[in-house]
Amino acid sequence: MSAVKSFLLAIDLSTRKRDEAAQDLMRVQSAHVFAQDQMNQLEVYAAETASRWTACAQVGTTPELMRHHYQFLDRLQHAIGLQQGVLANESRKVAQAKRLVLEAEFRLVSLKQVLKKKQAGLALIQTRREQKQMDEFAALQTRRTSAGHFSGNQL
């Protein structure tokens, strides 16, 4: 029974680790969604800015204003590039967290299977032990009955 208790303890620990990994995955996925939302906002802002600039430039603009506009667009593109890096990093974190959840789940399933086999083995041993006791009892009863017939026939 000590082995079964050890497996139950290992399963409990493995379950907790799997649950922690699942919570980490949810946290990382949330950070990924936030990073994606920021990327979307930057892209929408860049598109709106470009369309506004196009409308304003048709009316008339100065070279100085165009230079400022291009500098601003360069900074905006730089911010988008940085956000793409953040998003790629968050994607790697999500993939890693998913892998950890799968590994924890696999370990838990494996431990449960081993426990099941161990319990089946112990049940088989117990059944054999009980069968042996029943066989011994039946043999003893047969000997007693046989001994009673022999002693009764001789009188």
Counting N and O atoms only, with roles assigned by atom type, does the side chain of Q83 sit under 3.5 Å from a partner on the main chain of A35, one being a donor and the other an acceptor?
yes

Step by step, work out the side chain to side chain donor-acceptor pair (under 3.5 Å) result for D37 and Q41.
CA-CA 6 Å; D37 287 345; Q41 288 175 2; over 6 Å; no

Could you walk me through whether E20 and R16 pass the salt bridge (Lys or Arg N to Asp or Glu O under 4.0 Å) check?
CA-CA 6 Å; E20 288 172 7; R16 278 190 250 138; over 6 Å; no

All heavy atoms of I11 vs all of L108, minimum pair found to be O-CD1, 3.6 Å

Polar contact flag, side-chain donor to acceptor under 3.5 angstrom, Q131-R128
no

Shortest non-hydrogen pair, A104 vs S14, comes out as O-OG, 4.3 Å

Evaluate W53 against L65 for side chain to side chain contact (heavy atoms under 4.5 Å, CB included), listing each step before the verdict.
CA-CA 10 Å; W53 171 254; L65 187 58; 3.9 Å; yes

Salt bridge (Lys or Arg N to Asp or Glu O under 4.0 Å) between D24 and R27: does it pass, once the steps are laid out?
CA-CA 5 Å; D24 286 344; R27 183 181 43 76; 3.5 Å; yes

Would a 4.5 Å heavy-atom cut-off, applied to side chains only, mark E90 and V33 as touching?
no

Taking only Lys NZ, Arg NE, NH1 and NH2, and the carboxylate oxygens of Asp or Glu, determine whether R99 and E103 approach each other closer than 4.0 Å.
yes

Separation between CG (L111) and CG (L9), nearest 0.5 Å, reads 10.5 Å

Quick check: closest heavy atoms across A79 and L42, and the distance to 0.1 Å?
O-CD1, 3.9 Å

Would you say the side-chain atoms of H68 and E64 include a donor-acceptor pair closer than 3.5 Å?
yes

Rounded distance (nearest 0.5 Å) linking atom CD of E105 with atom CG of D19:
9.0 Å

Out of curiosity, E43 CD to Q38 CD, how far, rounded to the nearest 0.5 Å?
12.0 Å

Checking side chain to side chain donor-acceptor pair (under 3.5 Å) for the pair N40/Q36: CA distance, chi angles, key distance, verdict?
CA-CA 6 Å; N40 294 342; Q36 183 63 53; 3.0 Å; yes

Verdict with reasoning, T49 to H69, per side chain to side chain contact (heavy atoms under 4.5 Å, CB included):
CA-CA 9 Å; T49 301; H69 173 70; 4.3 Å; yes

I80 and A46 have their tightest heavy-atom pair at CD1-CB, 4.0 Å

Main-chain N/O of M26 paired with S30 side-chain donor or acceptor, under 3.5 Å
no

For the pair Q113 and V109, evaluate side chain to side chain contact (heavy atoms under 4.5 Å, CB included) and give the outcome as yes or no after the intermediate values.
CA-CA 6 Å; Q113 286 177 345; V109 167; 4.0 Å; yes

Would L76 end up clustered with L82 when hydrophobic side chains under 4.5 Å apart are linked, directly or stepwise?
no

So NZ of K112 and OG1 of T15: to nearest 0.5 Å the spacing works out to 5.5 Å

What's the separation between atom CZ in R18 and atom CG in L100, rounded to the nearest 0.5 Å?
14.0 Å

Do Q84 and M39 come close enough that some side-chain heavy atom pair is under 4.5 Å?
yes

Assess whether side chain to side chain contact (heavy atoms under 4.5 Å, CB included) is satisfied between K98 and Q29, documenting all intermediate values.
CA-CA 10 Å; K98 283 181 179 179; Q29 284 175 328; 3.7 Å; yes

Whether F72 and Y45 hold their rings parallel, tilted or perpendicular, with breakpoints at 30° and 60°
perpendicular

Between atom CG of L115 and atom OG of S6, what is the distance when rounded to the nearest 0.5 Å?
10.5 Å

Here the pair of heavy atoms bringing L122 nearest to V4 is CD1-CG2, 3.4 Å

